[in-house]
Amino acid sequence: MLRWAGHSLIFLLAAPILLGTLIASLPAFGYFPPLGSSDFSLEAWRELFEVPGLTRSVLISLISGVLTPLISLALVFLYLASATGSKLDLWIRRLVSPLLSFPHAAAAFGLAFLIAPSGLLSRIISPELTGWERPPDILIVNDTWGLTLLFGLIVKEVPFLLLMSLAALPQLQPRHRIEVARTLGYRPTIAWLKVIAPSLYPLVRLPVIVVIVFASATVDVALILGPTLPPTLSVRVLSWFNDPDLNLRFLAAAGSLLQLGVSLIAVAIWLALEKFVGLLWRFWLAAGNLNTGEGLAFAIGRSAMPLVLVVIAGSILALLANAFAGPWRYPSALPSSWTIQHWANSLSDLSTPLFNTVLISVSSTLLALLLVVATLESERQSSKSKSTALWLLYLPLLIPQIVFLFGIIVLTEFVGWQANLSLVIFGHLLFVLPYVFLSLSEAYRQLDPRWTQVASTLGASQLKSFWRIRIPLLLAPCLTAVAIGMAISISLFLPTQLLGAGRITTITSEAVALTSGASRNLISVWAVVQLSLPILGFMMALLIPKFVWRNRSGMIDTR
Amino acid sequence: MSNSDLELKDVSISLGGKQLLEINCSVGPGEILTVMGPSGSGKSSLLVYIAGFLAPVFESSGSVLVNGADVCSLAAERRHIGLLFQDPLLFPHLSVAGNLRFALQSNAKQKNQAISEGLNDIGLAGFDDRDPSTLSGGQASRVALLRLLLSAPNAVLLDEPFSKLDTQLREETRTLVFDKLRASGLPTILVTHDQADAEQAGGEIRTLL
């Protein structure tokens with residue numbers, strides 16, 4: 001049975017996504033029997049290209065798709081070049097995983113409430129520094145060219161790329177290489193950029209492409225921070241999809257295919273950029289021992305990461321302040337009083353989405369854990385080398401969500417299924433699986449094989465050594481994987497929204513829905529709940545092993 | 001007393017078409033056969049092969065007979081061949097007693113009594129509830145030996161089990177291990193670099209090239 005686990009994992013991931021992408025294209029060409037249309041036509045495309053402001057929407061999606069990874073990766077590399085081995089570095093390494101669990105929507109709301117004209121930042125510096133007695137009339141959040149969207153995406157993707165880089169770095173033996181370069185007369189920052197960066201980049205390339213696709217097609221962050229007149233392509237596709245006029249489905253289908261194209265173009269631009277930068281690097285390397293620019297690189301690298309942390313901390317503060325704020329007149333830095341009224345008002349609305357969030361995240365994560373452990377266990381027992389199909393795990397992250405989710409819906413409509421909870425859980429599973437696998441596989445593969453061998457020589461069957469030896473030894477990594485999986489599920493917006501047909505609500509889907517119209521205080525309450533849930537998960541993942549192994553000091557060294 | 005014997009018949013292990021070793025031998029009850037040889041001579045592969053963990057990249061032929069029965073087609077856990085590694089490898093998440101209980105057959109009677117008698121026997125009476133990571137190197141080795149004996153093997157393999165102990169402790173532990181194995185009447189194969197190990201084992205010595 002285990003033998004099939006690996007295959008079924010890949011099938012489960014790849015089939016719905018590839019099929020979904022394929023099927024999403026049927027209505028785009030006029031074929032959609034559930035709406036009584038079974039003739040192929042280009043009508044939807046004609047309509048799409050007549051949509052006002054389409055070029056602008058596409059451009060903004062492209063800009064955030066290319067600039068987000070470019071700036072984020074530059075900051076991460078400069079940071080690693082300037083700070084590796086420093087005290088700052090130790091500190092930041094400890095913070096990076098929890099930062100990653102900060103849900104996109106909550107982060108976007110926090111940023112909005114921090115930097116808006118009447119946001120926390122403007123209140124802190126006013127009127128002393130600015131002379132503003134009322135909020136300035138400038139468009140910061142939802143600005144027309146999506147700069148705030150870009151900023152929000154960078155703040156969110158820097159921790160992700162940093163974590164991916166930190167995971168890949170040890171195999172390059174960076175310390176050794178830097179020492180060699182330094183004995184040749186290179187300053188440490190330049191040494192890092194010259195001898196580590198070129199070998200590190202190929203190892204983080206796939207995560208970078210994940211960032212490109214995400215940034216060019218995000219829906220929830222763009223809804224909150226992105227421009228409104230016109231919004232990004234992905235947001236427009238969703239609004240066509242949600243329109244009561246079902247004829248807009250054809251337009252939505254064509255739009256989602258265009259989104260796929262836009263994301264692919266962003267990736268293509270990136271690949272061209274990659275070639276160009278590679279060429280520059282080669283010239284720079286060949287130029288020999290120059291330490292020019294060391295000061296600048298050092299300054300940017302050392303200040304960028306603390307700045308990102310300050311922005312994230314400021315966003316959380318802005319959410320907390322708004323969630324408990326009584327009357328708060330501009331430009332006071334703090335509300336004149338605090339209240340729990342907003343919480344009391346939201347309590348009854350929170351309960352159902354909270355229950356759904358927990359139910360969906362727990363079931364999708366446990367399913368993912370089951371599949372991932374079965375796959376890794378079958379890999380171990382057949383003592384095969386790593387599966388080459390590994391990149392397929394990234395598939396749900398490499399194709400814009402809106403494209404294949406749309407296709408899955410079309411498929412369910414063909415078959416006549418109603419949107420329901422199990423469909424939403426399945427949708428979450430697609431996104432939770434890759435992260436659970438990435439998080440658990442390293443620990444599972446690195447478990448000393450002698451533990452199982454000892455158990456076997458003592459007469460323990462595979463089943464017995466699995467339950468009594470491997471699972472307990474891997475308890476902590478399993479719990480971390482569960483916490484990560486749940487954090488991913490909690491932060492998902494689109495799968496809930498689309499596969500639940502808007503009828504199944506979670507904390508995230510409700511919070512995003514509040515974007516238009518609700519008060520800052522109310523939104524903040526939801527965002528605070530949203531960001532607390534993953535933190536709870538990570539705390540449990542940290543505390544449970546500490547408690548279970550309180551009398552087993554050896555359990556700290558085995559990892 | 002187990003009074004079983006272990007026989008290797010025309011055992012040959014190769015990697016990528018190149019033969020690593022070839023051996024024929026027979027070890028009687030309570031005897032210790034020592035296998036010596038430089039690193040890379042395949043002595044560890046030999047133990048791994050007998051225990052049943054040889055990686056599929058290796059090609060092997062021949063047979064391993066325990067009491068006359070070929071165990072080569074059996075999974076490691078059904079061969080009843082005990083193995084002591086260089087490290088004691090006490091399961092870190094189980095107590096000392098938990099480690100010992102893990103080795104007992106599920107139908108064994110009076111498990112607690114067997115465990116406390118065993119601990120008493122190796123000079124560690126009352127250590128039942130101890131965290132294995134709080135034991136000294138010598139204590140951990142003794143628990144590992146007891147754990148092996150409690151699993152009631154028919155033969156034992158020793159993979160340089162004393163190499164990580166300091167000289168004084170090595171002497172003591174070696175004496176204890178050899179005495180216990182002889183007293184249990186178990187056929188044993190010892191792989192080592194250390195001439196003193198081989199001498200004290202007192203059995204036949206084979207050197208691999």
Side-chain angles (χ1 to χ4, degrees), chain A residues 1-3 377-387 443-480 541 543-559, chain B residues 44 47-48 50-58 71 74-96 98-108 129-135 140 144 146-159:
Chain A
M1 195 191 83
L2 273 180
R3 206 151 44 90
E377 186 64 11
S378 84
E379 179 184 279
R380 199 193 59 77
Q381 287 187 17
S382 65
S383 57
K384 264 187 308 206
S385 54
K386 281 204 246 181
S387 170
Y444 213 99
R445 287 171 179 154
Q446 276 174 8
L447 184 71
D448 191 337
R450 293 181 307 170
W451 293 123
T452 301
Q453 295 182 349
V454 172
S456 299
T457 61
L458 295 173
S461 63
Q462 288 294 340
L463 197 65
K464 182 178 174 189
S465 66
F466 172 74
W467 285 111
R468 303 269 310 270
I469 305 298
R470 286 194 290 282
I471 287 297
L473 286 179
L474 291 165
L475 177 69
C478 282
L479 289 174
T480 307
L543 293 179
I544 291 176
K546 282 227 167 85
F547 175 75
V548 173
W549 307 130
R550 62 194 179 284
N551 294 326
R552 296 286 177 264
S553 55
M555 287 305 292
I556 291 126
D557 312 329
T558 51
R559 295 193 296 281
Chain B
S44 292
L47 291 197
V48 168
I50 300 170
F53 307 123
L54 196 66
V57 291
F58 290 92
V71 296
L74 297 178
E77 68 265 21
R78 314 192 68 176
R79 293 187 178 193
H80 299 289
I81 298 178
L83 175 58
L84 277 190
F85 290 86
Q86 282 184 10
D87 301 295
L89 294 179
L90 299 180
F91 300 121
H93 60 295
L94 300 175
S95 64
V96 167
N99 267 277
L100 299 173
R101 190 171 290 117
F102 185 86
L104 285 167
Q105 306 289 324
S106 50
N107 54 9
D129 292 330
R130 283 282 288 271
D131 175 358
S133 60
T134 62
L135 300 183
L146 178 59
R147 183 175 64 174
L148 176 141
L149 294 173
L150 288 179
S151 74
N154 291 326
V156 173
L157 308 170
L158 306 176
D159 188 1

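So that the names make sense, note that chain A is the first sequence line, chain B the second, and so on, each numbered from 1.
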A.B. asks: Could you walk me through whether A/Arg450 and B/Asp87 pass side-chain contact (heavy atoms from CB on, under 4.5 Å), step by step?
C.D. replies: CA-CA 10 Å; A/Arg450 293 181 307 170; B/Asp87 301 295; 2.9 Å; yes
A.B. asks: If you define the side chain from C-beta out and look only at heavy atoms, does anything of A/Ser553 sit under 4.5 Å from B/Asp131?
C.D. replies: yes
A.B. asks: Nearest 0.5 angstrom please: A/Asp448 CG to B/Phe85 CZ, how far?
C.D. replies: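 Here the interatomic distance stands at 8.5 Å.
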A.B. asks: In the structure I gave you, are the side-chain heavy atoms of A/Arg552 and B/Ser95 within less than 4.5 Å of one another anywhere?
C.D. replies: yes
A.B. asks: Taking the side chain as every heavy atom from C-beta outward, state whether B/Phe91 and A/Arg468 have any atom pair closer than 4.5 Å.
C.D. replies: no
A.B. asks: Chain A: which of B/Ala152, B/Pro132, B/Ala103 shares the most heavy-atom pairs with it under 4.5 Å?
C.D. replies: B/Ala103
A.B. asks: How long is the gap from CG on A/Leu458 to CG on B/Leu104, to the nearest 0.5 Å?
C.D. replies: 10.0 Å
A.B. asks: Please look at B/Ile81 and chain A and tell me whether the side chain, the backbone, both or neither of the residue comes under 4.5 angstrom of a heavy atom of that chain.
C.D. replies: backbone
A.B. asks: Does any non-hydrogen side-chain atom of B/Pro92 lie less than 4.5 Å from one of A/Trp549?
C.D. replies: no
A.B. asks: Before you tell me yes or no, could you show the steps for A/Val454 and B/Arg147 under side-chain contact (heavy atoms from CB on, under 4.5 Å), namely the whole-Å CA-CA distance, both residues' side-chain angles and the distance that decides it to 0.1 Å?
C.D. replies: CA-CA 10 Å; A/Val454 172; B/Arg147 183 175 64 174; 3.2 Å; yes
A.B. asks: Given heavy-atom pairs under 4.5 angstrom as the criterion, report whether the side chain, backbone, both or neither of B/His80 touches chain A.
C.D. replies: neither
A.B. asks: Hey, what do you get for OG1 (A/Thr452) to CD (B/Glu77), rounding to the nearest 0.5 Å?
C.D. replies: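 Between A/Thr452 OG1 and B/Glu77 CD, I get 10.5 Å after rounding to 0.5 Å.
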A.B. asks: Please rank B/Leu150, B/Leu148, B/Leu94 by heavy-atom pairs under 4.5 Å with chain A and give me the top one.
C.D. replies: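 Max contact count across the listed options: B/Leu94.
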